[in-house]
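Reviewing the structure listed below.
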Amino acid sequence: MGFNIGILISGQGSNMLNIIEACQANKLISDVNLVVSNNPDAVGIKKAEKKGIKTATILQSNFLKKKDFEDAINFELKKEKINLVCLAGFMTILSEAFIKKWKNKIINIHPSLLPSFKGLNAQSQAFRYGVKYTGCSVHYVDKEIDSGKIIDQEVVKISEKDTIESITRKILMKEHILYINALKQLEEIYIDGQDKK
Ligand code: GRF
């Protein structure tokens with residue numbers, strides 16, 4: 001049966017779409033049951049709706065406290081019986097309290113080979129540093145930014161001809177492969193959202 005996945009996005013949602021399509025094509029045994037955006041202009045939401053996925057847009061600006069915003073997200077996730085939260089370009093730092101609630105059940109994709117180049121614009125950080133190899137990482141989310149236990153990584157070589165744009169494109173293509181592989185690995189570890197052991 002796999003996971004009931006909830007995906008949190010803020011933007012174009014290409015990773016989100018890729019996960020939805022992998023589930024719908026039975027490449028994964030999980031289902032995507034909810035997509036939440038914190039951005040009213042996130043084009044990913046329309047893409048999810050077209051695939052028949054339930055969506056919710058929850059804006060932080062509608063709440064006085066961050067806790068209330070996060071409680072609203074949590075409410076939607078619980079309502080849909082989500083047991084794995086996938087962050088895919090979700091541009092808000094979640095509080096320690098939220099992350100604790102989802103311990104070992106919340107993962108993220110980051111466009112660098114962690115622990116290098118954490119935070120924003122990881123692709124440009126790597127390019128500007130002049131590394132010859134970069135890539136992407138799927139990791140558990142913990143209270144430090146981009147620091148949770150790594151589940152899997154993919155490598156991208158940077159050549160002389162590359163630009164920040166070409167590197168960003170190459171990384172994104174690898175992200176799509178990586179996120180599915182990481183989810184497959186988690187499906188192996190857990191059954192029906194419960195630890196096999
Ligand atoms: C990806 O580069 C991901 O690594 C980062 O945000 C971007 C999201 O892209 N966390 P998309 O919305 O999935 O296309």
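Being a predicted model, the structure only gives us computed values, none of them experimental. All ligand and atom numbering here is 1-based and tracks the order in the structure.
Taking any N or O of A88, backbone or side chain, none lies under 3.5 Å from an N or O belonging to ligand 1. Looking at N15 next to ligand 1, an N or O pair under 3.5 Å apart turns up.
Residue I109 places a heavy atom under 4.0 Å from ligand 1. The closest approach between any non-hydrogen atom of G13 and ligand 1 is below 4.0 Å.
Heavy-atom contacts of E175 reach the following atoms of ligand 1: 1 (C), 2 (O), 3 (C), 4 (O) (cutoff under 4.0 Å).
Nearest non-hydrogen protein atom to atom 7 (C) of ligand 1 is G89 CA, 4.2 Å.
Both tests do not hold together for K143 against W102: distance to the six-membered ring centre under 6.0 Å, angle to the ring axis within 45°. The cationic atom of K157 (NZ for Lys, CZ for Arg) lies less than 6.0 Å from the six-membered ring centre of Y133 and within 45° of the ring axis.
Salt-bridge check for E160 with K132: passed, with a basic side-chain N closer than 4.0 Å to an acidic carboxylate O. E76 and K79 are joined by a salt bridge, as a carboxylate oxygen and a charged side-chain nitrogen come within less than 4.0 angstrom of each other.
For atom 11 (P) of ligand 1, the nearest non-hydrogen atom from the set P111, A122, G44, S14 belongs to S14.
The two residues A42 and S10 come nearest to each other via the heavy atoms CB-O, 3.5 Å.
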I'd like a table of donor-acceptor pairs (distance under 3.5 Å, sequence neighbours excluded) in which one partner is a side-chain atom from residues 17-28, with atom names and distances.
residue : atom : partner : partner atom : Å
N18     : ND2  : H176    : O            : 2.8
E21     : OE2  : K51     : NZ           : 3.2
Q24     : NE2  : K51     : O            : 3.0

